[in-house]
Structure formats: C-alpha cells, structure tokens
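Beneath this line is the structure, given in structure tokens, with notes to follow.
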Amino acid sequence: MHDTYKHKGLRKQLIESLRQKNISDERVLSAMEKIPRHFFLDSSFLEFAYQDKPFPIGSGQTISQPYTVAFQTELLQVEKGQKVLEIGTGSAYQACVLAEMGAKVYSIERQRKLYLKTKSFVEQKLPYKLNLFLADGNEGLPSYAPFDRILITAAAPEIPQPLIDQLKIGGIMVIPLGAGNTQNMLRITKTAVDKTEQEMHGAFRFVPLLGMIGND
Ligand code: SAH
C-alpha cells in the first residue's frame, strides 16, 4: 500500500473541510492528517477515502465518517499516555487516530470476521500497537479497567452500566445514545463513584450496538 503525494493532498483538503465544520482541536486534526485513511478501505474504493462520508467495510458495518471520528475524538479530550477503551473496532481507523494521539488503546469488536480481518491488517500494515479484543463491548474489559476514557462507536440504546463502572473518576465517556434512526451524542463525565454529569452534543447516525446473541 502506498501513501502518495496525491493521497496526502486529498487528506489536507479533508482536514481543511473538517476545520470548516468547526473541528478545532489541532491534535485531532494532525492525527487525522497523518493516517492514510485509504489503507482502511478496499482498494477498489480508494477514491472515496478522502470524502467526508462513511463507508462499508464488510460484515454490514461501516468506517465512520471522518467528521464523526473527529467530533467524537475532540469530545473525548484524550491526553498522551491515557488508557482508552473503544467499543466497536470496525476498521480500526478510529483506534489508530487515538493511538496516533498517544493513547494506549483497547478496542473491542463483536463480529468475529471483522475482528480477524482488522487484527491481521493492523499487525501487518500499521505501525500502531493496538490491543484488540473479540467480545461484547457492552461488558467492557473488567480485567483491564479502569480506563481514563471510553468511546462507543455504535448506537447504544442505553448506557451500559459496566462501562460506567470501568471508567476512572474524572474520566470521560462519549456515547451515541438512542435506539431509533438517530442518536444523541452524549459526553459523560464521572465525577464520583456513583455520580456522572452529562452533556448533549447533537444528533448523529450510527450502526447499532449488537447484543449478546448472534452475528457471528
Ligand atoms: N470505529 C470503527 C467504526 C465502527 S462501526 C471504525 O473506525 O472503523 C461499529 C462497529 O461496532 C462495527 O464494527 C460493529 O460490528 C461493532 N459492534 C457492534 N456491536 C458491538 C458490541 N456489542 N461490542 C463490540 N463491538 C460491536
């Protein structure tokens, strides 16, 4: 896989368009400017890699729209060295953005085929060390908890309590909440063992978070 001047130029334009849509965290923008998003799409779709659109990645799933990735990452306020748990590895593009920003990334995928494909892709083609897991993200990763940050990249009908439990006090969770056609982007800050504060950040559209049963 090659990252040519042409790709870099297209990426610069994409970053410019994210700026115009009010993404302002330079750390997020520069991470996204570095990562060759076209590596994450099948080669026959290369020309779509730098449009601000979601894209199918197989198993009925999508790589999130660049704007959505940027928006969620900005809300998450990730600092270097933090432990970040992502639910919904998908293509691992979002996970790589977090890793590029210096986070220690733990990411869970529910679908076996996608997990295996993404895991070998990341290990063979990318310089990032990601900790990838095949599991139900609703349960989090109790043996690796607590986390500084938790990011959910699929539509959650409710806030999974295990994930709140696995968040550090002072930690932040970003979660698209809602079972219908659109979700509300929620930022949750855990202020004490049994206390959270929530802010709403607008409507988005995600593929649903899957439950325990099926989909293998
Ligand atoms: N973050 C991804 C896009 C995620 S799309 C990227 O950057 O490409 C949502 C992903 O969540 C899909 O891959 C889907 O299979 C996965 N998913 C759905 N339900 C899940 C669950 N319960 N646990 C973990 N992953 C889940």
Side-chain angles (χ1 to χ4, degrees), residues 14 18 28 31-32 34-42 45 48-76 78 84-101 103 105-122 125-126 128 130-142 144-145 147 149-163 166 173-179 182-183 185 204-216:
L14 173 65
L18 295 176
V28 175
M32 290 181 68
K34 282 206 189 103
I35 299 173
R37 189 171 186 263
H38 64 282
F39 284 14
F40 297 78
L41 272 56
D42 288 336
F45 300 115
F48 295 101
Y50 297 108
Q51 298 180 9
D52 191 13
K53 289 185 182 153
F55 212 79
I57 52 173
S59 306
Q61 300 303 320
T62 57
I63 177 171
S64 300
Q65 182 177 351
Y67 175 72
T68 305
V69 172
F71 191 86
Q72 285 199 292
T73 310
E74 184 166 272
L75 278 183
L76 203 60
V78 181
V84 181
L85 174 64
E86 180 197 23
I87 312 303
T89 313
S91 70
Y93 176 72
Q94 170 74 72
C96 289
V97 173
L98 295 168
E100 177 61 41
M101 291 175 73
V105 182
Y106 298 76
S107 184
I108 310 178
E109 174 56 52
R110 175 73 184 78
Q111 298 203 67
R112 181 179 303 272
K113 251 172 97 177
L114 199 49
Y115 162 80
L116 291 172
K117 181 178 166 196
T118 296
K119 191 173 163 61
S120 74
F121 159 70
V122 170
K125 311 276 185 201
L126 297 173
Y128 305 108
L130 306 175
N131 304 291
L132 302 180
F133 300 84
L134 173 64
D136 177 11
N138 289 292
E139 301 301 323
L141 289 175
Y144 296 87
F147 297 96
R149 300 286 185 266
I150 299 181
L151 174 62
I152 290 96
T153 66
E158 56 198 47
I159 302 166
Q161 185 58 39
L163 299 185
Q166 291 170 35
M173 175 188 298
V174 171
I175 177 167
L177 191 68
T182 64
Q183 289 73 47
M185 192 65 80
F204 286 79
R205 189 172 295 226
F206 282 82
V207 297
L209 194 64
L210 306 167
M212 292 290 285
I213 303 158
N215 294 98
D216 273 338

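Read the numbers this way: they start at 1 and go in the same order the structure lists the ligands and their atoms. Bear in mind that the values here come from a model prediction, so they are computed numbers and not experimental data.
Set against the non-hydrogen atoms of Thr153, the atoms of ligand 1 under 4.0 Å away are 1 (N), 4 (C), 5 (S), 9 (C). Heavy-atom proximity to Gln111, at under 4.0 Å, picks out these atoms of ligand 1: 15 (O). Residue-ligand proximity, Asn138 to ligand 1, at heavy-atom distances under 4.0 Å covers atoms 22 (N). Ligand 1 places these atoms under 4.0 Å from at least one heavy atom of Ile63: 8 (O). Close approach of ligand 1 to Val207 is summarised as follows: ligand atoms under 4.0 Å from at least one heavy atom of the residue are 5 (S), 9 (C). Atoms of ligand 1 found under 4.0 Å from any heavy atom of Ser64, numbered from 1 in the order shown, are 3 (C). Atoms of ligand 1 lying under 4.0 Å from at least one heavy atom of Leu114, given by number and element, are 13 (O).
At under 3.5 Å, a nitrogen or oxygen of Leu210, whether backbone or side chain, sits near a nitrogen or oxygen of ligand 1. In terms of polar-atom proximity, Gly88 is counted as a contact of ligand 1, with an N or O under 3.5 Å from an N or O of the ligand. At under 3.5 Å, a nitrogen or oxygen of Gly137, whether backbone or side chain, sits near a nitrogen or oxygen of ligand 1. Residue Glu86 has at least one N or O atom closer than 3.5 Å to an N or O atom of ligand 1.
For the atom pair Gln111 CD and Leu210 CG, the distance stands at 5.5 Å (nearest 0.5 Å). For the atom pair Thr62 OG1 and Arg205 CZ, the distance stands at 12.0 Å (nearest 0.5 Å). Taking CD1 of Ile150 as the start and CD1 of Ile175 as the end, the distance is 9.5 Å to the nearest 0.5 Å. Atom CG of residue Leu114 and atom CD1 of residue Ile57 lie 4.5 Å apart, to the nearest 0.5 angstrom. Atom CG of residue Leu41 and atom OG of residue Ser91 lie 8.0 Å apart, to the nearest 0.5 angstrom.
Taking only non-hydrogen atoms, the option from Arg110, Gln94, Arg112 nearest to atom 26 (C) of ligand 1 is Arg110. Between the choices Gln72, Arg37, Gln61, Gln65, the shortest heavy-atom distance to atom 14 (C) of ligand 1 belongs to Gln61. Considering each of Asp136, Thr89, Leu151, the one bringing a non-hydrogen atom nearest atom 2 (C) of ligand 1 is Thr89.
Side-chain polar atoms of Glu109 and Thr118 form no donor-acceptor pair below 3.5 angstrom. No donor-acceptor contact under 3.5 angstrom links the side chains of Tyr106 and Glu86, judged on distance only.
A ring-centre distance under 6.0 Å is found for Phe40 and Phe121.
Side-chain atoms of Tyr67 and Phe204, non-hydrogen and from C-beta on, do get closer than 4.5 Å to each other.
Ranking protein heavy atoms by distance to atom 8 (O) of ligand 1, first place goes to Ser91 OG, 2.7 Å. For atom 3 (C) of ligand 1, the closest heavy atom belonging to the protein is Thr62 O, 3.4 Å.
At a 4.0 Å heavy-atom cut-off, ligand 1 touches Glu109 through backbone and side chain alike.
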query: Are Phe133 and Tyr115 close enough, and set up right, to give a ring-ring contact (aromatic ring centres under 6.0 Å, His included), and what steps lead you there?
result: CA-CA 8 Å; Phe133 300 84; Tyr115 162 80; 8.4 Å; no
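Under the 3.5 Å distance criterion, the side-chain polar atoms of Gln183 are matched with a main-chain donor or acceptor of Phe206.
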